[in-house]
Amino acid sequence: MSVIDWIVLCGTLAFIVIYGIWKSRGTNTVSGYLLADRQLPWYHVGLSVMATQASAITFISAPGQAYGDGLRFLQFYFGLPLAMIVLCVTFIPAFRKLNVYTAYEFLEKRFDFKTRTLTAVLFLIQRGVSTGITIYAPAIILSAILNVDVIYTILMNGILVIIYTVYGGTKAVSHTQMLQMIIIFSGLFLAAFMVIHLLPEDVGFVEALDVAGVMGRMNTIETNLDWNDKYNIWSGLIGGFFLQLSYFGTDQSQVGRYLTGSSIAQSRLGLLMNGMVKIPMQFLIMLIGILVFTYYQFYAPPVYFNEVELEKLENSAYTQELDSLKQNHYALFDQKQAALEDYIQAKKEDNETLIEDSKHKLQAAHQAFSENHEGLDALAQKNNEKANKSDTDYVFLEFITNKLPVGVIGILVAIIFLASMGSAASGLNSLASTTVIDIYRRIAHADVKMEALEMKASRWSTIGWGIFCMAVAIFASRLTSLIEAVNILGSLFYGTILGIFVVAFYFKKIAANETFIAAIITEIIVILLWKFDVMAFLWLNVVGCLTLPAVASLLRTRNKRTKNKE
Amino acid sequence: MKRHHNESDEYRWNRWYVATVVVLVFTIAFLWWLKWRFA
């Protein structure tokens, strides 16, 4: 990166931190610190919710995913708008009516202390570790671009977030997130514009999409119902609906965002805004990946996008295999390009037979080219077991740093930092809220309210969780399997926790003990289904959420019968 | 009077929910069209 890019990057980050501190000055009440005094307007709530969900990985992996796998991942979000409606109808009024700080506080009012503590502790473990991963994942990639050790990028990211989150609490988090989203959106439009500008002169936007389509990248909708297929319209609409409902309805990092709305109406509008904008935003991010893909059909892509692993391979015992794969890479690219020229020519001549013929040749050439790249993936893995399995994660960053002009690189790298900071800030803030409200307040002094003590506890727990998350991030850099474990753990608990809330809202007669036992039975079923690989993970949320009320109802009927007999 | 107010409030929100579903349907239809046109 050039000096100008460094100035742009550091300037943007410093500006965000100062803005957050300035906007949240004078916060000295628990309600102000944890809920921004419930005074935020709908667009604040909406952008804050979006910034919490969009982590750095969204901006790094999603374009790469579109590059390698096409647009089918978009279907994952189809259930989100429907989940927003259910949240507006049921969750928001219930939380607001009881004036709760956290989602788990609601559970004690409806059930009992043990159900509240169980869900709060599960949340703390899961969110604590996953916020660490939120800091770690971009740090490892940014360390490669900035050419510094991963520990420094972890510390830089973590400390910046801790500074404004500790100082200003939720107010600082929400204000910075709004600004972050504005910068992120502007940067994305800039990136899309730049890629189109870099395409060959006779290739416009429509031609670019056409080429991507021939190579199977415009696979937006898949209607076949396959239980083991991760992304199709059904798993997206149904499985995605339950996943998003549990994420937005029961995860304090999100609940804490929309509880800041100045009224029920403002919270609702914020969530509906998220429901309407989320899929188009994700589409824009992935469209950039598609355009980068088309760019690399006209200009030779690097042999391997992950430069660090390539360098390791060049200095390994596998240089001979690497050289042959490299030679194939360029030879196959030349063949593919010749096929591409034929296809474009056929298109210009508008000759149906020629178009079909050249299309098949192009697809075959692309297949051969991709297989060669898979050979490189395997070789990198053989050389270094810890190497990131997905080279497409590096596509967008490689493109940004090597193809875009000075200044724009700085902005786009800043976007990745900002996205990571936005979701990490929500994570830390929600961990502090849950620690103080569900654990500290409940255990230390349930009856007396001590504002000053709780403020102190909130600040210290934010610092404590911040240090914990950075430690997880540093630990994760040595143990990559941890990341997978955390992701699996999250999806295993989500369905059950949502099930508890569903019983709380819709099954008024079911009592605390029945729900608690049903939760344990459901969790065992979900773990068994996962262990024996019966279905794709999105469906586990559906099973968890539907089994729990069913089991709880059965227990309720059984208890009722026993009572009647007595 | 209060009852009337609540009904109109509910009606207002139902319109918002319908609008959200309409946006979703149009988004899916647009993506489907993209597949039909380019894939």
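Residue numbers start from 1 in every chain, and the chains themselves are labelled A, B, ... in the order their sequence lines are given, proteins ahead of strands. Nothing here was measured: the structure is a model prediction, and the numbers come from that model.
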- [ ] Among the options A:Leu80, A:Val89, A:Leu74, pick out the one with the most heavy-atom pairs lying under 4.5 Å from chain B.
- [x]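 It is A:Val89.
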Open item on the list: Below 4.5 Å, heavy-atom pairs only: which of A:Ala265, A:Gly216, A:Pro280 has the largest tally toward chain B?
Closed with: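 Of the options given, most contacts go to A:Ala265.
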- [ ] Step through the shown structure and confirm whether more than 12 heavy atoms of other residues, nucleotides or ligands are within 6.0 Å of OH on A:Tyr506.
- [x]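 Check passes, neighbour count above 12.
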- [ ] Return yes when atom CH2 of A:Trp234 has more than 12 non-hydrogen atoms of other residues, nucleotides or ligands closer than 6.0 Å, and no otherwise.
- [x]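 Check fails, neighbour count at 12 or below.
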With a 4.5 Å cut-off on side-chain heavy atoms, are [Y] and [X] touching?
{"X": "B:Phe38", "Y": "A:Val206", "value": "yes"}
{"X": "B:Leu34", "Y": "A:Ile221", "value": "no"}
{"X": "A:Thr223", "Y": "B:Trp32", "value": "yes"}

Open item on the list: Out of B:Trp16, B:Phe30, B:Trp13, return the one with the most heavy atom pairs under 4.5 angstrom to chain A.
Closed with: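 The option with the most such pairs is B:Trp13.
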Task: Engaged part of A:Ala212 at the chain B interface, taking heavy atoms whose separation is under 4.5 Å - done: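 For A:Ala212, neither part sits under 4.5 Å from chain B.
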Can you measure from [atom1] ([X]) to [atom2] ([Y]) and round to the nearest 0.5 angstrom?
{"X": "A:Phe78", "Y": "B:Leu24", "atom1": "CZ", "atom2": "CG", "value": "7.5 Å"}
{"X": "B:Lys35", "Y": "A:Glu222", "atom1": "NZ", "atom2": "CD", "value": "5.0 Å"}
{"X": "B:Leu31", "Y": "A:Met218", "atom1": "CG", "atom2": "CE", "value": "9.0 Å"}

Task: residues 266-279 of chain A: residues contacting chain B (heavy atom under 4.5 Å, by number) - done: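 The stretch touches chain B at A:Arg268, A:Leu269, A:Leu272, A:Met276, A:Ile279.
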Open item on the list: With a 4.5 angstrom heavy-atom cut-off, is it the side chain or the backbone of B:Thr20 that approaches chain A, or both, or neither?
Closed with: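 Answer is both: backbone and side chain atoms of B:Thr20 are under 4.5 Å from chain A.
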